[in-house]
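Written out below as structure tokens is the structure these notes cover.
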2 protein chains.
Amino acid sequence: MKKQEELFLDYLTRKRLKNTSQRMIILKAFLRQDSHLSTEDFYLQLRKKHPGIGYATVHRTLKLFAECGIAAERNFGDGQMRFEVRHDNEHHDHLVCTECGRIIEFENQQIEQLQLDVAQKHNFFIKDHRLELYGLCQACFSNDQGNI
Amino acid sequence: MKKQEELFLDYLTRKRLKNTSQRMIILKAFLRQDSHLSTEDFYLQLRKKHPGIGYATVHRTLKLFAECGIAAERNFGDGQMRFEVRHDNEHHDHLVCTECGRIIEFENQQIEQLQLDVAQKHNFFIKDHRLELYGLCQACFSNDQGNI
DNA sequence: TCGATATTGAAAACGGATTTCAAAATACAG
DNA sequence: CTGTATTTTGAAATCCGTTTTCAATATCGA
């Protein structure tokens, strides 16, 4: 069993929540996908195989995933919440293509360190951060050039 | 006349939009405040002195400010749009206190440079970026410690 | 001043997130 | 195994900030 599955089951037990077939289906589907789907898109995907599962349940379950730490909520400013699988300790930020919506993950330890420096300078205790670079991915950039 | 006022008036002329008393009132009020008010909060402030001006007009005018470049839209993930006055060329990022809502601006040229490096590595053309550090400001951190 | 055009404020519509509620499923004590 | 208290489910309703609609009003330029 995957580590995230264990974490989730533990969380259910701890909170005296119930282990339902819907939750397991959603969990497996969530761990299988590794992009940054919005609740809506994830629901539409899932519905193909499991038409019985309602949007509300998907939404509530994704929230549960976030609570127990196996999912991270992301908001890229397009008015849709997105969820991604969270792997332990690893933190990453995103390049977001404003043309095609492509999302590229990156890690940069130097930036993280500089953030800590900034926080310290302002006597600020960081709990979380978010860094997103918006622009054009290679493909869209080439296209744009070609269209001039 | 402030530079931003000129920019806005120029923009109105250029787009053949009309110079109304409401727009001027909203413009002056906007330039006077320098925090990061949400549309709602800004409207509530303004209403004290100008009860006749409607929310829709405030909303539309703030959008105009953003279009013509004298305002920047910010979204700190609390579901409310915020607008801040934009000063030429200067770019800054934010520390956001999740306890009291205080917002501290900062600039860090090294981080900006590292962002460019990251983008280049991924053949990505950056148009914009957003960096926010969430946590506790000094006051709230001290309080939290005291409450243990 | 007139007439075309843009703007206004109130209210309605919108869209995604969240909640409600009655029926169904689950856990667990006996 | 029950029986029962509790949680969960799916559909629909609600929420809440944003945006649009529309008829009345204001502005601008000839």
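Heavy atoms only: backbone and side chains are in, while hydrogens, waters and symmetry mates are out.
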A:Asp41 and A:Ser38: side chain donor to acceptor below 3.5 Å: yes
No-hydrogen, no-angle side-chain donor-acceptor test under 3.5 Å, A:Glu84 and A:His92: yes
Given D:dG10, D:dT7, D:dC28, the nucleotide with the shortest approach to the side chain of B:Asn19: D:dC28
Nearest whole Å is fine: how far is [N] [atom2] from [X] [atom1]?
X: B:Asp41; N: D:dG17; atom1: CG; atom2: P; value: 10 Å
X: A:Leu27; N: D:dT8; atom1: CG; atom2: P; value: 15 Å
X: B:Gln22; N: D:dT25; atom1: CD; atom2: P; value: 14 Å
X: B:Glu40; N: D:dT18; atom1: CD; atom2: P; value: 8 Å
X: B:Glu67; N: D:dT19; atom1: CD; atom2: C1'; value: 13 Å
X: A:Met24; N: D:dT8; atom1: CE; atom2: C1'; value: 13 Å
X: B:Phe76; N: D:dG17; atom1: CZ; atom2: C1'; value: 17 Å
X: B:Lys18; N: D:dT25; atom1: NZ; atom2: P; value: 16 Å

Nearest-nucleotide 5' precedence on DNA chain C, B:Arg23 against B:Tyr43: B:Arg23
Pair B:Phe8 and B:Phe65, ring centroids less than 6.0 Å apart: yes
Side chain A:Arg23, main chain A:Lys18, donor-acceptor under 3.5 Å: yes
Any ion pair linking [Y] and [X] (charged N to carboxylate O, less than 4.0 Å)?
X: B:Lys15; Y: B:Glu67; result: no
X: A:Glu73; Y: A:Arg82; result: no
X: B:Glu132; Y: B:Arg130; result: yes

Earlier contact from the 5' end, DNA chain D, for B:Thr20 and B:Gln80: B:Gln80
Given DNA chain D, 5'-ward residue of the pair B:Met81 and B:Leu17, judged by closest heavy atom: B:Met81
Candidate pair A:Glu112 and A:His129, rule side-chain contact (heavy atoms from CB on, under 4.5 Å), full reasoning: CA-CA 9 Å; A:Glu112 309 263 323; A:His129 76 263; 3.5 Å; yes
Smallest separation among heavy atoms of A:Phe106 and B:His122, with atom names: CB-CE1, 3.9 Å
Positional range of nucleotides in DNA chain C within the contact set of chain A, heavy-atom, under 4.0 Å: C:dG16 to C:dA27
Of residues 53-65 of chain A, the positions that come close to DNA chain D - non-hydrogen atoms, cut-off under 4.0 Å: A:Ile53, A:Gly54, A:Ala56, A:Thr57, A:Arg60
